[in-house]
2 protein chains.
Amino acid sequence: MRAILHVCTTCRGVAAEPVEPRPGTRLHQALETGPLPDGVELRAVECLSACSQGCSVALSAPGKWTYVYGRLGPEDADDILTGAAAYAATADGLVPWRERPTIFRKQSLARVPPQE
Amino acid sequence: MRAILHVCTTCRGVAAEPVEPRPGTRLHQALETGPLPDGVELRAVECLSACSQGCSVALSAPGKWTYVYGRLGPEDADDILTGAAAYAATADGLVPWRERPTIFRKQSLARVPPQE
């Protein structure tokens, strides 16, 4: 099983003024500091087009539902990896509600059905 | 070239009170009344998890970026099909900015990189 964890590195978060490094870059850095869960591959991406809801990440994999989450920050890195591990362990991307981290229950921006 | 146009049929739109048929179902009905553009396949889906931003639709296809749009209604059906046709005609899902309908420029909820 597998999961691609896309992290928007250009997200400005909710800050009114631009800060460098960008909150999205800081979130990516937080996610890559430790070991990744089995089957999870981290990928930086420039813009997930969820700019008003940044920082944002997406989970996708062949044959699985795609999920996008927002309003995240570097402090959420551990929960994001926990959720990504649960997603990677599924066949279809559908993690039982009670096994999802709270940020994944409450901060979903969208999901899209699997590609055949 | 190809595009799957996923339409959330359970979206309540921005109405405070539930109405039947649901705005998402009405949007789906509006989209299926006429002929679909070449390469565009319409699919109803129960919940795109963008409930606070409904009605919502998603465009996906193998090898292409996935896009999700929100704050839509049955009155947007023609523009959605125009945008879906432009998406279907691309190799990677990236439609030049000036060729996108205004609703696709301004009402993007998220995009996700192609699956390999």
Side-chain angles (χ1 to χ4, degrees), chain A residues 1-11 24 28 39 41-72 83-84 87-88 92-95 97 100 103-116, chain B residues 1-11 24 28 39 41-72 83-84 87-88 92-95 97 100 103-116:
Chain A
M1 299 300 176
R2 188 159 166 243
I4 311 296
L5 175 60
H6 307 272
V7 182
C8 176
T9 56
T10 48
C11 273
H28 183 262
E41 180 184 336
L42 184 65
R43 289 193 194 166
V45 54
E46 290 190 2
C47 196
L48 290 170
S49 287
C51 309
S52 68
Q53 304 287 325
C55 304
S56 57
V57 306
L59 283 167
S60 69
K64 299 189 185 190
W65 285 76
T66 293
Y67 281 84
V68 187
Y69 301 99
R71 302 187 296 280
L72 301 166
Y87 175 91
D92 56 8
L94 299 171
V95 176
W97 185 259
R100 299 181 193 183
I103 52 170
F104 280 17
R105 291 186 205 167
K106 299 195 171 175
Q107 290 163 229
S108 166
L109 300 186
R111 65 173 195 164
V112 182
Q115 291 173 11
E116 68 279 15
Chain B
M1 298 300 176
R2 190 160 164 241
I4 312 298
L5 175 59
H6 307 273
V7 182
C8 177
T9 57
T10 49
C11 273
H28 183 263
E41 180 184 336
L42 185 65
R43 289 193 193 167
V45 55
E46 291 190 359
C47 197
L48 289 170
S49 287
C51 310
S52 68
Q53 302 288 326
C55 303
S56 56
V57 306
L59 283 167
S60 68
K64 299 189 186 190
W65 284 76
T66 293
Y67 280 84
V68 188
Y69 302 99
R71 303 186 295 281
L72 301 166
Y87 175 90
D92 55 9
L94 299 172
V95 176
W97 184 258
R100 300 180 193 183
I103 52 170
F104 280 16
R105 292 185 205 168
K106 299 195 171 176
Q107 290 164 230
S108 165
L109 301 186
R111 66 172 194 164
V112 182
Q115 292 171 12
E116 69 279 17

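In what follows, every chain begins at residue 1, and chains take the letters A, B, ... in the order their sequences are listed. These numbers were taken from a predicted model, which means no experiment stands behind them.
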Atom pair CG/OH of L109(B) and Y67(B) - distance to nearest 0.5 Å: 13.0 Å

Ignoring hydrogens, what is the shortest heavy-atom contact between A3(B) and Y87(B)? Give both atom names and the distance. CB-CD2, 3.4 Å

Main-chain N/O of G70(A) paired to Q107(A) side chain as donor or acceptor, under 3.5 Å: yes

With the side chain counted from C-beta on, respond yes when V112(A) and V112(B) share a heavy-atom pair under 4.5 Å apart, and no when they do not. no

With S60(A), which residues qualify under side-chain hydrogen bond (donor to acceptor under 3.5 Å, both in side chains), at least two apart? H6(A)

Treating R105(A) as the side-chain partner and R100(A) as the backbone partner, does any N or O pair qualify as donor plus acceptor under 3.5 Å? yes

Tell me, for T66(A) versus chain B, whether the close heavy atoms (under 4.5 Å) come from the side chain, the backbone, both or neither. side chain

Taking 4.5 Å as the heavy-atom cut-off, does anything in residues 42-49 of chain A contact chain B, and if so which residues? R43(A), V45(A), E46(A), C47(A), L48(A), S49(A)

Under 3.5 Å: donor-acceptor pair, side chain of Y69(A), backbone of L59(A): no

Can you tell me which portion of A110(B) sits under 4.5 Å from chain A's heavy atoms? Options are side chain, backbone, both or neither. both

